**Q** 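Shown below is the structure under consideration.
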Amino acid sequence: MKTDSKYPRLRLFIAGRWIDGAMGDGTEVLDPARGDVIGVMPHASKSQLDEALDSAESAFRAWRSVSPYDRAMILLRAAALIRARAEDLAWLITTELGKPLAEARLEVETAASIFAWDAEEGRRAYGRVIPSRQPGVRQIVVREPVGPIAAFAPWNAPLITPSRKISGALAAGCSVVIKPAEETPACTLALAAILEEAGLPAGTLNVVTGNPAEISKYLISSPLIKGVTFTGSTAVGKALAAEAALGMKRMISELGGHAPVLIFPEIDVEALAVSAAKAKFRNAGQVCTSPTRFFVHESIHARFAEAFAEAAGRIQVGDGRDPTTQMGPLAHARRLSSIEEFVDDARDRGIAVATGGGRIGNRGFFFQPTLLADAGDDSLAMNVEPFGPLAVTQPFGSTQEAIRLANRLPFGLAAYAFTHDSRISAQVAEEVESGNVIINHWQASLPETPFGGLKDSGQGREGGIEGLEAFQTVKYVSQA
Ligand code: NAD
């Protein structure tokens, strides 16, 4: 039963047509603030997946020949339409995912900005001329689109992540079959409707939904798919990368994080604690770059933990549609039980729960902003990414020790450091193993900057020039 008639009827978008799923009863979509069913996500049958693959293949042949200028015009129109529909899209994000409307509006603006960046960058897919060793030989390098792309987007940034994948691929001249997350399908479908209206030829973008493991296996093993892009957990990312490798397909993956934050002496501890709590609990901590492991110099650790706990305790948790809400619910019930496990583990080990630690109410998926202070290396939260509203602190003595702690885990997506000492910041920038090292602020990515991980945090980059190159291949042509 729908709680809000504004929530759209969910369909598949294949070969330019909006169709119902031909398999089973579908999956219920919940409003995480109320726990109510708001819609039913259709399941695509194998023949519908085949139709999506065939249409992506034939549309690719036409789309790769459309000039980068004309492709850019369509993507810029899409950016303008995203901005024009900002309020509706923000409402959809908040309804499906739960984040406060103010954060959802920022997400919409970022999505528009991603389309605009990729549109322009696609026009700059420059090649080069390599001077020849012999007179009369012309040697050139050109960048070409990889081919039809299978894309898999998670729920935590339901407009930004599909936008990065769709706009990067389209700007490079690729076609796309995308599977959005089961929790947030309407956001991706809204993007598809906008691209259709912007003039994207039928079949160039297809949206399919259903059982994630079955769909990803089917799409990735198809010889028509030439590249795969996935954002989600490290375990799933590795499994998909193995499947892609069997077909020698381009793989871009953006996986788990568990970002360290190194806080050195002589900073304004109280002010930093307030901004750290704001950064941590954005989107209820369900962000792959969420600052989580706070390593604080021993001279200021206690003050920082206290001020952070105080700031966290003041955060207004509630329905994202309420303008006074600063943090919404978690996306689904699995996240609630997962965060409870981290707290239980801490309590078993005698680690202080400095603030939070429990579920709020029994309707919707709300959890308190939580801090585990002075947690040891062996605690669950120091090793496994919580992907929720939970942070941990630990004191350190030397710069070397702080860097060792930051690098201790197999992740390397985002790392933050706060220091006024330029020698320390240079050392952190050089020695911390992370795709993104952010010093003295919290902005880990922008449409124009490359974003991605080292180690188990993934391969390839989204955003920046690199985000487009991810969907391009290089051809060398030599002519005598
Ligand atoms: P989950 O692994 O059940 O699902 C995460 C996402 O992966 C979902 O969107 C799902 O549709 C997709 N997925 C799962 N199995 C898949 C498969 N075989 N093929 C294709 N897609 C598949 O986890 P969850 O409980 O929803 O999320 C929590 C974990 O996921 C966290 O630990 C976090 O590390 C990770 N995650 C990471 C990001 C990110 O931005 N890197 C985003 C969301 C979730």
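Since we're looking at a predicted model, the values are computed, not measured. Note that ligands are numbered from 1 as they come in the structure, with each ligand's atoms numbered from 1 the same way. Values reported hereafter were calculated over all heavy atoms of this structure, with side chains retained and with hydrogens, waters and symmetry mates removed.
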**Q** Any idea which protein heavy atom is nearest atom 12 (C) of ligand 1, and the distance to it?
**A**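 Checked against all protein heavy atoms, atom 12 (C) of ligand 1 sits closest to F230 CE1, 4.3 Å.
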
**Q** Less than 4.0 Å between a side-chain N and a carboxylate O, is that true for D50 and K46?
**A** no

**Q** Flag the pair E87 and R105 as a salt bridge only when some basic side-chain nitrogen lies within less than 4.0 angstrom of an acidic carboxylate oxygen.
**A** yes

**Q** For N407 and K455, which heavy atoms make the closest approach, and how far apart are they?
**A**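 Heavy atoms of N407 and K455 come nearest at O-NZ, 3.3 Å.
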
**Q** Tell me which protein heavy atom sits closest to atom 16 (C) of ligand 1, plus the residue, atom name and distance to 0.1 Å.
**A** V236 CG1, 3.4 Å

**Q** I need the atoms of ligand 1 closer than 4.0 Å to a non-hydrogen atom of H332, numbered in the order shown.
**A** 24 (P), 25 (O), 26 (O)

**Q** Please confirm whether L255 comes within less than 3.5 Å of ligand 1 when only nitrogen or oxygen atoms on both sides are compared.
**A** yes

**Q** Distance to 0.1 Å, residue and atom name: give those for the protein heavy atom nearest to atom 1 (P) of ligand 1.
**A**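 The closest one turns out to be R334 NH2, 4.4 Å.
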
**Q** Considering only non-hydrogen protein atoms, determine which one is nearest to atom 29 (C) of ligand 1 and report residue, atom name and distance to 0.1 Å.
**A**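 Among all protein heavy atoms, the one nearest atom 29 (C) of ligand 1 is S233 CB, 4.1 Å.
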
**Q** How close does the nearest protein non-hydrogen atom get to atom 34 (O) of ligand 1, and which residue and atom is it?
**A** E385 OE1, 2.6 Å

**Q** Need the ligand 1 atom indices (1-based, order shown) with element for anything under 4.0 Å from a heavy-atom of R335.
**A**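 Answer for ligand 1: 25 (O), 27 (O), 28 (C).
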
**Q** Tell me which protein heavy atom sits closest to atom 18 (N) of ligand 1, plus the residue, atom name and distance to 0.1 Å.
**A** A213 CA, 3.3 Å

**Q** Would you name the heavy atoms of A417 and V428 that are closest together and state the gap between them?
**A**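 Heavy atoms only, the tightest pair is CB-CG1, 3.8 Å.
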
**Q** Can you figure out which of S253, A150, P154 has its heavy atom closest to atom 6 (C) of ligand 1?
**A** P154

**Q** Are R363 and D36 ion-paired here, with the side-chain N under 4.0 Å from a carboxylate O?
**A**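 Between D36 and R363 there is a salt bridge, with a charged N closer than 4.0 Å to a carboxylate O.
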
**Q** Side chain or backbone, does T231 bring an N or O within less than 3.5 Å of an N or O on ligand 1?
**A**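 Looking only at distances, the answer is no, because the N/O contact criterion of under 3.5 Å is not met.
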
**Q** Which pair of heavy atoms, one from T95 and one from Y7, lies closest together, and at what distance?
**A**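 Smallest heavy-atom distance, with atoms named: CG2-CD1, 4.3 Å.
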
**Q** Search all heavy atoms of F342 against all heavy atoms of E385 and return the closest pair with its distance.
**A** CZ-O, 3.8 Å

**Q** If you measure from CD on E183 to CG on N156, what distance do you get to the nearest 0.5 Å?
**A**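 Those atoms lie 10.0 Å apart.
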
**Q** Treating N283 as the side-chain partner and A157 as the backbone partner, does any N or O pair qualify as donor plus acceptor under 3.5 Å?
**A** no

**Q** May I ask whether K179 has any heavy atom positioned less than 4.0 angstrom from an atom of ligand 1?
**A**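 Per 4.0 Å heavy-atom rule, K179 contacts ligand 1.
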
**Q** I need the nearest protein heavy-atom contact for atom 13 (N) of ligand 1: residue, atom name and distance, please.
**A** P212 CB, 3.9 Å

**Q** Can you list the ligand 1 atoms lying under 4.0 Å from a non-hydrogen atom of N156?
**A**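 Going through ligand 1 atom by atom, the ones under 4.0 Å from N156 are 40 (O), 42 (C), 43 (C).
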
**Q** Any idea which atoms of ligand 1 are less than 4.0 Å away from a heavy-atom of A181?
**A**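 So the atoms of ligand 1 that pass are 9 (O).
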
**Q** Of the options K99, R282, R164, which is the one that meets E107 in a salt bridge (charged side-chain N to carboxylate O under 4.0 Å, His left out)?
**A** K99

**Q** Between S338 and ligand 1, which part of the residue brings a heavy atom under 4.0 Å of the ligand: side chain, backbone, both or neither?
**A** neither

**Q** What closest approach, in Å, do I93 and P158 show between heavy atoms, and which atom pair accounts for it?
**A** CG2-CG, 4.0 Å

**Q** Might you point out which heavy atoms bring T184 and P154 nearest each other, and give the distance in Å?
**A** OG1-O, 4.1 Å

**Q** Residue-level breakdown please: for S216 versus ligand 1, do any non-hydrogen atoms fall below 4.0 Å on the side chain, on the backbone, on both, or on neither?
**A** side chain

**Q** Classify the contact between E183 and ligand 1 as side chain, backbone, both or neither, using a heavy-atom distance cut-off of under 4.0 Å.
**A**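 The answer is neither; E183 stays 4.0 Å or more away.
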
**Q** Go through ligand 1 atom by atom and flag the ones less than 4.0 Å from a non-hydrogen atom of A153.
**A** 9 (O)

**Q** Can you check which of W155, F387, F411, F152 brings a heavy atom nearest to atom 27 (O) of ligand 1?
**A**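 Looking at heavy atoms only, W155 sits closest to atom 27 (O) of ligand 1.
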
**Q** Fit a plane to each ring of W155 and H332, take the angle between them on a 0 to 90° scale, and name the class: parallel (under 30°), tilted (30 to 60°) or perpendicular (over 60°).
**A**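 W155 vs H332 ring planes: perpendicular.
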
**Q** What do you reckon, does E182 have a nitrogen or oxygen under 3.5 Å from a nitrogen or oxygen of ligand 1?
**A** yes

